[in-house]
Amino acid sequence: MNNADLILLAIAIPALTPFLLAATGKWPNLRDTVSVIASIATFAAVLPLLLAVIDGARPAISLVEVMPGLVIGFEIEPLGMLFATVASGLWIPTALYSIGYMRGAHEKKQTRFAICFAIAIASAIGIAFSGNLFTLFIFYEVLTISTYPLVAHKETPEAKRGARTYLAILMTTSILFLLVALIWTWNIAGTTEFRAGGILDGRLDPAFAPFLLALFAFGIGKAALMPFHRWLPAAMVAPTPVSALLHAVAVVKAGVFTMLKVGTYIFGIGFLGKTGASDWLVWLAAASILIASIVALTKDDLKARLAYSTVSQLSYITLGMALAVQMGVIGGAMHIATHAMGKIALFMCAGAIYVAAHKTKISQLDGLGRKMPVTFACFTIAALSIIGLPPFAGAWSKWYLMVAAADANQLIIIGVLMVSSLLNVAYLLPIPARAFFLKPKDDETHGDAASSRIEETPLLCLLPICFAALGCIVLFFTIGGLYEYLLSIPIRPESLP
Amino acid sequence: MMALIEANLPALQVVLPLIAAPICAILGRGGRSWAFACIVILATFAISVALFAQTYAGTIISYRMGGWEIPLGIEYRVDRLNAFVLLIISGSATLVLPYARRIVAAEIPAERQPLFYTAFLLCIAGLLGITITGDAFNIFVFLEISSLATYALVASGSWVNKRALTAAYNYLIMGTVGATFFVIGVGMLYMITGTLNLADLAVRIADHGDSSTLRMGFVFILIGIGLKLAMFPLHLWLPNAYAYAPSAVTAFLAATATKAAVYVMLRFMFTVFGFDYEFQADTLRMVVLPLAVIAMFAASIVAIFQDNLKRMLAYSSIAQIGYILLGLTFLTETGLTASIVHLFNHAVTKAALFMVAGCFILSAGTCSISKLGGIGRDMPWTTAAFVAGGFSLIGLPLTVGFISKWYLVLAALELGWWPVALMIMASSLLAVIYVWRVVEVAYLQPAPEGTVRKEAPLSMLIPTWIFVGLSIWFGVNAMLTSTAAGRAASALFDSSHILWKE
Amino acid sequence: MSDIGIELDYIMGRYNYWLFCILMMTGLYITVSRGNLIKKIVGLNIFQTAVFMLYISMGKVIGGTAPILTEVPETIYSNPLPHVLILTAIVVGIATTAVALALVVRIRESYGTIEEDEILELEHDMDFGSGAAQGDPVA
Amino acid sequence: MEHHSILRVVSKLLIPPMLVYALYVQFHGEYSPGGGFQAGVVFAAAFVLYSLVHGIDALTRVAPPRVLHALAGLGVLIFAGTGVVTMALGDAYLGYYALAEHPQHAQEWGIVVVEFGVGMTVASVMLSLFIAFASHTRKLDDKDW
């Protein structure tokens with residue numbers, strides 16, 4: 001089996017799993033087994049590709065020519081490979097976790113949930129492997145549609161409203177801006193292929209570059225750049241595995257990944273740096289980082305706080321691209337991985353708390369740390385990683401971003417990153433602190449008989465959490481390899497005279 | 001025998017359904033006349049395919065009715081453009097007829113069914129005639145044949161809801177006014193040139209040059225055809241006519257009737273008057289362009305507030321016609337390609353959606369959106385078809401709607417018309433709203449108490465899904481449609497430019 | 001004074017067009033303004049007739065006779081083609097009128113009136129009266 | 001109806017000439033003004049006159065709607081069928097030259113046959129229309145006259 005077939009396989013496995021899931025829907029155990037096996041199989045298909053890409057291979061395959069010159073095709077480069085590895089790798093713990101969660105929380109329509117989940121993963125991998133912007137756009141939209149039923153899963157009026165916001169913002173931005181940007185790119189460049197060094201240099205009038213970049217930056221709504229971030233908190237009505245999927249694995253990462261791709265392979269870092277087209281984006285991203293962090297501070301709902309934290313963290317990656325230096329791309333790409341690891345752990349913890357204690361507010365968590373020590377220990381590790389303290393993975397990506405800011409002579413940005421870290425401390429650390437050190441309130445919350453039965457979450461939930469927390473630490477010590485790997489992202493045009 | 005048929009394909013294309021219509025009436029039984037109509041339509045479709053294949057390379061087939069010399073007699077002329085439209089019309093008919101059997105049986109009394117199929121065949125013959133003929137007055141005659149049949153078909157919805165009668169009446173008044181305007185316009189052209197043959201008209205008009213009579217002729221034709229194709233604000237007949245016609249009729253009309261009228265418009269604007277006719281270019285950009293944009297928004301917004309699914313889709317059709325007209329007003333090859341490809345794409349999409357509405361009516365007894373709660377569970381396949389068609393209406397990738405939007409926006413960007421490009425996209429967002437309203441009700445709302453609904457019969461489901469399949473297939477692999485449309489556009493473009501060269 | 005003469009000539013020389021305009025506008029006005037469905041059809045017919053007259057007057061060649069072959073070779077004939085076209089148009093017009101009248105008969109049977117405003121009122125009641133949804137069949 | 005003798009007599013006098021005149025117009029259409037459209041209408045008018053005097057029931061006995069519908073269809077078939085025949089004979093649709101050797105005869109034959117079909121359709125459609133509308137109205141009593 002050659003690499004090109006593996007690409008198709010990696011997408012086909014999660015894309016075809018829904019049929020199996022639908023067929024086995026009547027037998028929950030069988031269905032969930034299918035789901036887990038599919039996740040492992042997908043990862044198994046992605047791994048050999050990763051090894052090949054590390055060796056310098058660039059597998060490619062084109063499927064069908066939709067319109068003259070417009071091809072649905074895949075081509076793997078280091079950035080996409082990283083995202084695919086993250087998405088497929090984290091699908092395994094998420095799949096396990098969602099079984100535990102969905103059963104623990106007695107959710108309905110678990111088959112539909114599993115089906116949409118698999119499609120979402122398939123489209124995330126499709127995004128990662130896309131050989132051109134057009135293919136990427138297709139999978140981007142598939143991802144939007146397939147996650148809609150997940151967000152609306154509970155079918156309550158509240159869930160419907162949240163899902164509506166989710167869909168409205170993602171659709172509006174993608175159709176109104178991203179598609180126009182795509183067609184514009186096609187119009188001036190005659191292609192939408194991802195090429196090292198970008199395809200716009202020499203074709204696009206530098207005066208228009210900031211506008212095109214703006215269409216892209218706002219068009220990629222999944223990157224949750226302010227002011228188009230509202231969908232993320234709105235989507236918090238979803239079951240927690242969905243939140244994990246949205247915030248760590250698929251949706252938001254697809255957004256920032258697209259942003260990096262566009263910056264690196266459509267505009268080209270060199271072109272951006274030369275024209276200064278992305279200067280405004282640096283400041284917008286910086287503002288987004290700070291404002292979202294401050295908003296997070298005000299939220300008492302655990303998931304909402306995490307959501308705003310995500311908004312802030314995503315802007316790091318956008319920022320990395322906008323700095324228009326190689327180190328920025330590396331830092332951004334690294335942040336995809338490290339933030340994914342940390343955030344998935346945080347969300348799984350939030351879900352675990354809900355399943356075990358039915359608590360969603362931070363103010364209700366007092367003293368819960370003693371009943372669920374493992375969960376909260378993992379929460380702390382993940383929080384520290386997000387904050388960016390060594391020896392946790394998040395430290396490295398922040399480090400490289402700061403290096404990038406220095407490279408780009410944007411010293412204020414270094415300050416912004418530091419302030420942001422402090423804000424992270426302020427909104428993340430109080431949560432485990434309350435849980436561990438404050439006494440449980442005796443009135444209504446813990447005093448009744450039901451609360452005395454609170455104990456650690458189901459094992460199926462707990463294992464993935466531990467795995468993700470462990471990942472935060474492991475990633476810190478193996479970052480050298482990742483850095484080496486990310487250096488292979490081609491920045492300059494391949495064939496320079 | 002084969003050679004004989006081959007030589008007379010253009011005539012047979014129209015004559016076959018025309019002859020079949022009275023036979024259908026004489027046959028007398030619903031089932032029998034339906035089967036007969038099916039066979040005839042299949043043959044008609046085969047002829048269209050043959051014509052399409054013959055002209056795909058660029059040959060122009062010219063057929064002289066009654067053997068008269070060309071500018072004197074009536075000419076049937078098939079080129080890439082109308083071969084494509086013929087294919088759309090007969091193809092839609094081929095799929096709608098099998099679908100019609102069950103829903104017609106439910107909506108129309110048995111003794112009236114043969115007449116229904118007669119009118120249906122007449123309507124097809126008229127539409128095909130409009131498309132194939134190369135004679136301006138002949139277009140009028142066929143326009144009226146198809147329209148008269150359509151009025152009758154729409155009115156036959158009165159067995160279900162009496163409002164079909166007033167809908168048909170309004171359609172008749174506006175349609176007749178439109179047709180008469182068209183005749184006046186043709187008369188003006190005849191006054192100037194003394195010919196009715198379209199190709200001949202083009203040459204003579206170019207020789208004659210601009211004049212106020214020519215301008216009057218153009219305006220009359222524009223308004224006349226505008227009425228027939230429901231150009232905003234001449235669309236008032238359409239929503240009720242579509243909403244209260246029998247479901248099979250709605251599906252067929254949505255796919256074909258306005259398309260044939262658009263074809264006539266294309267033909268007159270670009271074959272007869274030509275791209276370089278300045279008055280036309282001005283009118284298109286100053287009048288038609290704003291109207292098309294208003295249609296895109298106004299009709300979509302009205303669609304959002306409709307409770308009747310068919311009415312909602314009807315308003316959406318008006319908006320989609322706005323897209324087609326918008327493509328024309330660009331006056332570029334890409335713009336024309338966009339319009340022509342959207343002719344096909346919208347036909348496929350809308351037919352599928354109206355068919356879904358018909359399935360709902362058959363199974364649930366209503367297509368009122370507020371009563372369709374939870375129908376996604378009872379009729380999974382039908383509802384899935386709606387979702388897929390809705391995606392195409394929105395213009396999501398991998399559906400035909402996307403291809404249309406792509407070409408339209410590309411055409412706008414080529415001209416540097418920024419605001420227009422953004423408006424195209426903004427109006428497709430309105431489509432998200434009205435499609436999603438239905439999706440939400442169908443999947444996330446509980447079913448009303450005490451409803452029993454079961455999946456639509458296969459005879460209806462299969463044609464619906466063929467349309468859906470087409471809308472996906474030609475969304476994934478649009479080479480055939482986009483090349484065909486592109487070639488038709490470039491043929492129009494080339495021929496049209498030669499004419500006005502001084 | 002010769003100016004006026006030209007003006008008069010201009011007007012009188014095109015009297016067929018003026019007639020056509022007046023008839024056409026009359027017909028169109030009736031169609032649009034009358035509430036009675038039958039009167040609308042009458043208006044439509046006047047409107048169509050105007051067009052017939054336009055065509056027929058167009059085919060007239062001054063000094064020409066009816067286009068029937070005569071023995072005299074230098075006879076000038078009027079153009080017969082518009083007549084033929086209008087014959088077809090008349091037939092189409094009759095068919096349209098027949099369908100329209102048939103519809104009016106059916107409307108009268110179902111609604112009990114052929115006045116447009118009364119019909120609109122009835123339809124408004126169907127839409128918003130007593131909670132009937134639009135999509136519902138009406139028995 | 002029996003006592004309206006004037007009407008009866010006049011109609012008896014008028015109807016046969018009307019029918020004959022219709023046939024004249026019908027079959028001289030290829031040389032002189034006339035043809036199927038006009039003939040059909042005159043032909044139908046004779047029947048309408050009959051029905052005005054003797055009542056709609058009398059007319060439907062003479063020309064039952066079902067027969068009229070069939071005749072209308074048949075007329076179209078004659079028209080269109082001629083075209084198909086000429087096609088089968090190797091000429092274009094409605095290319096009459098294939099019908100006979102002498103071109104003038106061929107044209108004549110073609111026109112006569114086609115016009116016959118037209119006349120038949122027009123007459124029967126006119127009558128069906130009349131019947132359709134007339135049978136919707138209330139029956140007239142003798143004293144209403």
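Residue numbering restarts at 1 for every chain, and letters A, B, ... go by the order of the sequence lines. Values below: every heavy atom of this structure, side chains too, minus hydrogens, waters and symmetry copies.
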So which atom in [X] and which in [Y] form the shortest heavy-atom distance, rounded to 0.1 Å?
X         : Y         : result
Lys162(B) : Tyr111(C) : O-OH, 3.5 Å
Leu165(B) : Ser110(C) : CD1-OG, 3.3 Å
Thr166(B) : Ile119(C) : CG2-CG2, 3.5 Å

Parallel, tilted or perpendicular: which one describes the rings of Phe47(C) and Phe181(B), with boundaries at 30° and 60°?
tilted
* Asked: Any luck finding a side-chain donor-acceptor pair between Gln48(C) and Thr176(B) under 3.5 Å?
  -> no
Any chance [atom1] of [X] has more than 12 other-residue heavy atoms, nucleotides or ligands included, within less than 6.0 Å?
X         : atom1 : value
Tyr77(C)  : OH    : yes
Arg437(B) : CZ    : yes
Arg204(B) : CZ    : yes

Using non-hydrogen atoms and a 4.5 Å limit, figure out which bit of [X] sits close to chain B: side chain, backbone, both or neither.
X         : value
Leu122(C) : neither
Tyr17(C)  : side chain
Ala98(C)  : neither

Give, for atom [atom1] of [X] and atom [atom2] of [Y], the distance between the pair rounded to the nearest 0.5 Å.
X         : Y         : atom1 : atom2 : value
Ile114(C) : Tyr169(B) : CD1   : OH    : 8.5 Å
Arg163(B) : Met126(C) : CZ    : CE    : 5.5 Å
Tyr190(B) : Leu81(C)  : OH    : CG    : 4.0 Å
Met58(C)  : Met188(B) : CE    : CE    : 9.0 Å
Leu44(C)  : Leu172(B) : CG    : CG    : 7.0 Å
Phe137(B) : Leu85(C)  : CZ    : CG    : 4.5 Å

For [X], which atoms come within 4.5 Å of any heavy atom of chain C: side chain, backbone, both, or neither?
X         : answer
Phe220(B) : side chain
Asn138(B) : neither
Leu196(B) : side chain
Val186(B) : both

Side chains of Phe140(B) and Val92(C): closer than 4.5 Å at any heavy-atom pair?
yes
N/O donor-acceptor pair under 3.5 Å between Tyr55(C) side chain and Ile184(B) backbone:
no
Worksheet item: Just by distance, do the side chain of Tyr151(B) and the backbone of Val99(C) share a donor-acceptor pair under 3.5 Å?
Response: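 Side chain of Tyr151(B) to backbone of Val99(C), a donor-acceptor pair under 3.5 Å: no, none is there.
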Most heavy-atom pairs under 4.5 Å with chain B, out of Leu54(C), Thr88(C), Val51(C), Leu37(C), belong to Leu37(C)
